[in-house]
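Have a look at the structure below, then the notes.
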Amino acid sequence: MKLYEYEGKELFRRGGIPIPRGRVASTAEEAYSIAAEIGKEVVVKSQILQGGRGKAGGIKFASSPEEAKARAGELLGQKLKTEEIKKVLIEEKLDIAEEWYLSFTVDPAAGGPLLMVSRSGGVDVEEIALKSPERIVTEKINIFYGLMPFQARRAAFALGLEGNKVSELASLMLKLYRVFRQYDAELVEVNPLVVTSEGEFIAADAKVIIYDNALYRQKEFVKGPERFEDEREYRASQYGLSYVKLDGNIGVLCTGAGLTMTTLDLITYYGGRPANFLEFGGATYKNSYYALEIVLSDPDVKVVLINTFGLVARADVISEGLAQAIEELKPKVPIVASIRGTGEEEARKILESRVGLKLFPNVETAVQEAVRLAGAS
Amino acid sequence: MKLYEYEGKELFRRGGIPIPRGRVASTAEEAYSIAAEIGKEVVVKSQILQGGRGKAGGIKFASSPEEAKARAGELLGQKLKTEEIKKVLIEEKLDIAEEWYLSFTVDPAAGGPLLMVSRSGGVDVEEIALKSPERIVTEKINIFYGLMPFQARRAAFALGLEGNKVSELASLMLKLYRVFRQYDAELVEVNPLVVTSEGEFIAADAKVIIYDNALYRQKEFVKGPERFEDEREYRASQYGLSYVKLDGNIGVLCTGAGLTMTTLDLITYYGGRPANFLEFGGATYKNSYYALEIVLSDPDVKVVLINTFGLVARADVISEGLAQAIEELKPKVPIVASIRGTGEEEARKILESRVGLKLFPNVETAVQEAVRLAGAS
Amino acid sequence: MAILLTKDTKVLVQGITGNEGTFWTKHMLDAGTRIVAGVTPGKGGKQVHGVPVYNTVLEAVKKHGAEASVVFVPPAFAKDAVFEALDAGIKLVVLLADGVPLHDAMEIRALSRQLGATVLGPNTPGMASIGQAMLGFIPVWLTDVYRVGPVGVVARSGSLTNEVCSHIVAAGLGQSTFVGLGGDPVPGTRLTEVMRLFESDPATEALVIIGEVGGTMEEEAAEMIEKGEFTKPVVCFITGRSAPPGKKMGHAGAIITMGKGTVKGKEEALKKAGAMIATRPAEVGKLLKEALRC
Amino acid sequence: MAILLTKDTKVLVQGITGNEGTFWTKHMLDAGTRIVAGVTPGKGGKQVHGVPVYNTVLEAVKKHGAEASVVFVPPAFAKDAVFEALDAGIKLVVLLADGVPLHDAMEIRALSRQLGATVLGPNTPGMASIGQAMLGFIPVWLTDVYRVGPVGVVARSGSLTNEVCSHIVAAGLGQSTFVGLGGDPVPGTRLTEVMRLFESDPATEALVIIGEVGGTMEEEAAEMIEKGEFTKPVVCFITGRSAPPGKKMGHAGAIITMGKGTVKGKEEALKKAGAMIATRPAEVGKLLKEALRC
């Protein structure tokens, strides 16, 4: 679950990490009073979840409370990169000398946390990493004893820091690592980490992603509908299903991420276009009723393709849910299915006898038929 | 640093460990109002650092606030086992069905934390451990990932628990372990861990020892003079010296615990009696001035024996302090010394020329001379 | 022979009394798995399909010498269950749970490496040595999908494995051992670690790698083949060419990946190392036959 | 030969620029120790007695191949310094600091065992292979205390070691290696672990154990001798017969100790195992001569 900048900064504040003075506002009036409180030039930052706000015009400067109110008024309620701006963060404008980069994330190859820090931060950091990887300093962290002070210092020395700056940056890293651990984050990123002209480090931005599967124990975070790009995605998430809207016309329901992706690949291979990604394997196979209901609710869908080859996802249980959905929702579009795996005999009985669904013997034939039907419609 | 029961229970309360309702009182009037608040039969528990309070008469029961006031009045200000009772803990009287034992300490052999739990608690637990060691259940803990729930459960099953009781006790253990870790404890002991007649677990006593060398980072605990049995012990501790008063007449100053103990052993071997244990080696050798001053302040001391064979404790630095103390304090008792180790040449010069102290060539001859002088006095 | 698991491996089922645990214990027993004990805290003394149940793993290990464990507990308790197994000396743990917190997965991998044990998962369908034993959710009784043969199979995804394996059998071949690594970001065991085992397994003559978009496991495999550390024929099927782009992991994700992780990049690396690439599951059988010259 | 440390061991000094670090670096160099580098964060680029100083241990290890480290940092930073050394691959760490928190000491021991490294201390005077090299605070230049010879010495206390060693030299003998375990409750290395090294050291013909009241290290040594895992002659001096009773560690301390830990108990256990017992330091020399029949 991605946090908004202002939410991430609240975690930073609790962790003792320096952030700019400021607060979040939902109205232009609030923006005015926060700017007045700050009493100097401020930044008005649109709170959306996607990156690239600055280039898209979502960040404005204001030299007076009146101006802050005006800028906030312009931004609030607007759409920025498909998202509606519901809040703006009003912060003191920093006296920026340098823009650095600092993050904690998971190094999949090592299977442990990874510190990355660079004196070259800002929007171009990825390009810098590609062209001059030596400018990104990394430390692999042992999850059991965590980031050690010597590692934080070592990273600071590797950046060429000296004197007090070493321990200041090291201390900031140690605090940020604690945020990463405490909140089950998969990413804690500060970009830019600003060095002010007085030489202070300040986290000018905050990108925090809480790992979805840890939300059950991170109870202060609730992944509400505003965090999803599509209403169906949110609804699917309520049933533990991964749904992503795509721009084709073949509605897809599959078990397992691998088979789902392969089904999309095969649709493309045979010249069709998938309308969505939807995976309902694993622990959520019992929600096949809702899976079909969500796919059918998409008006772009001209044909539904169901591919399962379940292991834990028992074909009989899946088919029970599908049969019920077909009986109740009476779909107007054709359904093509290959249902295999644990319990496939019972599945065949349920679907063929109860709702008259003819099953295809394998994935490829089902895909080919779905593409044919979608093209014919 | 040993904590008083009421201090230990405050840590338990913060850690979510069930403790009896109650508070600490410094006056009989406070005792009255706490007992009135509790509104049922209470226990009045003398707050001293030594064990065996109950047998010594330091724990009383009271069935009314008036009685609680009377009992508190009797206890406060009295001496109990060499300690003055300055506070009493007023607590609800528990409806005790069983008395169990639970502790976390350090297993020196394994070098890690150790959980010990038994259904046979109370004052006889040591005897039970000796006679029926199988009634003490233990779990060795990995310091990096800490007590795991499965270990806590395993211990509970080993005690023969069933159903909810397993997870209740396991949860209490996990919380208590957190107290052990969070406060740098060398011991966290609950004896008795009471099982009430309703089947609830309640920590009826709390023995917590914070490791002295961790007090620098456990800033809420300050080891004041009330924690020492002797004023000289407290004064010595202020200079980082370990001083223990003994009942002989030979004042002892040595470097290193090993040489100090050997010197005491040799004094005894040659028929003398040491007046104290005092070690000023290691990082505190620069405090030899204060070491001598403290030993000399003991009126029982008839002769002072100084044995050093320093490594990090440089003989020259030690001798500088000793010479200064002799010059300023002009001791009336004879001083016998063997000063060896790093810097011994300079040491000899300082002590022989500046304060006319004749040095003995080794520990044994110095001890023999000190015993002779002590006997002759 | 086989890797990690044979018909003689003494197996423990953690969470045996739950619905899934009970259901799949039956299937595992039917597949020949030597299940010696089950564990569910508080259910000690019961039996499930004739298998004795204990309160703790240590007890089950002491009484029955269990060597491997398959873990059917919910994600929130997965770390504790795996630690309990590893603490008791179990050297192979199959962690099926889907939804294990990332930080728990990191701790699981750290402890298993520290102790020299193998953890498959989280979020794995399990593993099977065909004709001998099965741990987890593999429908080895489907004779048109699983048959004893010379092909080792390793995959990140479960249901796709069934699809690919059905094409292996359709080609007249069969499998030695199938290993599911699990689909989570930090699996307990990585692809190359399993390849090392297949390399020295006499029953395995060729390897099928079922990979997917993202991560760098397939690239590591290519490197291993290129270094000559894996010498048997390899057929790969990599899925996810038309997958929607994953959640963007800030800049950090991109910096770590450094442009790696695409299906195309993985295929090129593997091809360059000498592996054969199937563009559809149906091609896997044909390529295997070529590779094994049968 | 010797154990753990020879004249060829490449040594790093952590905290080299502090007062103690600088003072003792001189003495260690004079004793022949091959000090290749020093580390003090923020002082990289300086020199101390001709030894180059770096900001990090890793840098010093990479540039000079340091194998052992002697740590002169204050107790509050000891854990970090030892972890830094172990992380960089150092296999012998001498931790001199007196006053290290108990929980830090537990973590240090846990990590050193996990990595198969040896940490001496905290609160150790160090160690020396006589005539070759010295790490820490051992006054090896006192020729009436330290002389090359066939006697291995291991102790929990520093200044008592000097006393005992002077009697070894007075008896016409000398030492191979002296190892100080350190006087804290959780030492990084235990007595029996050092005995294992002395057992296989050809330069050591007999062992002097300088023990003390409390703990169970001497009892473990007796058990080791009794099992035949240590076969060389052993002379023990155990101090603390008239020591004041230590702080009472609740009931837990007594339960763990189970009556062990007294000087008398230790002496009896060691005697029963076949070791010789000196009742005063002055007797050590005589007993050694008997043991070595010289």
[X] versus chain D, heavy atoms under 4.5 Å apart: side chain, backbone, both or neither?
X	answer
B:Thr342	both
B:Ile128	neither
B:Val244	side chain
B:Arg181	both
B:Tyr101	side chain
B:Leu266	side chain
B:Leu246	side chain

Of the backbone (N, CA, C, O) and the side chain (C-beta and beyond), which part of [X] lies under 4.5 Å from a heavy atom of chain B, both, or neither?
X	value
D:Ala76	both
D:Leu96	neither
D:Leu142	side chain
D:Val164	neither

Could you check whether any side-chain N or O of [X] sits under 3.5 Å from a backbone N or O of [Y], counting only pairs where one atom can act as donor and the other as acceptor?
X	Y	value
B:Asp265	D:Arg241	yes
D:Arg156	B:Gly258	no
D:Glu163	B:Leu259	no
B:Thr105	D:Ala252	no

Indicate yes or no: at least one non-hydrogen side-chain atom of [X] is less than 4.5 angstrom from one of [Y].
X	Y	answer
B:Pro113	D:Met106	yes
B:Tyr269	D:Ser242	no
B:Arg217	D:Asp104	yes
D:Arg280	B:Val367	no
B:Glu186	D:Pro185	no

Taking every heavy-atom pair that is under 4.5 Å apart, which of [options] has the most such pairs with chain B?
options	result
D:Ala243, D:Pro74, D:Ser166, D:Gly240	D:Gly240
D:Val145, D:Val186, D:Leu102	D:Leu102
D:Glu220, D:Glu20, D:His27	D:Glu20

Atom pair [atom1]/[atom2] of [X] and [Y] - distance to nearest 0.5 Å:
X	Y	atom1	atom2	result
D:Asn162	B:Glu344	CG	CD	9.0 Å
D:His251	B:Asp124	NE2	CG	9.0 Å
D:His167	B:Asn362	NE2	CG	6.0 Å

Can you name the nearest heavy-atom pair linking [X] to [Y], along with the distance?
X	Y	value
D:His103	B:Phe180	CE1-O, 3.2 Å
D:Ser159	B:Gly256	OG-CA, 3.5 Å
D:Phe237	B:Thr262	CE2-OG1, 3.5 Å
B:Tyr211	D:Val100	CE2-O, 3.4 Å

Which residues pass the side chain to side chain donor-acceptor pair (under 3.5 Å) test with B:Thr82, sequence neighbours left out? B:Gln50
Who pairs with B:Tyr183 by side chain to side chain donor-acceptor pair (under 3.5 Å), at least two apart in sequence or on another chain? B:Arg14
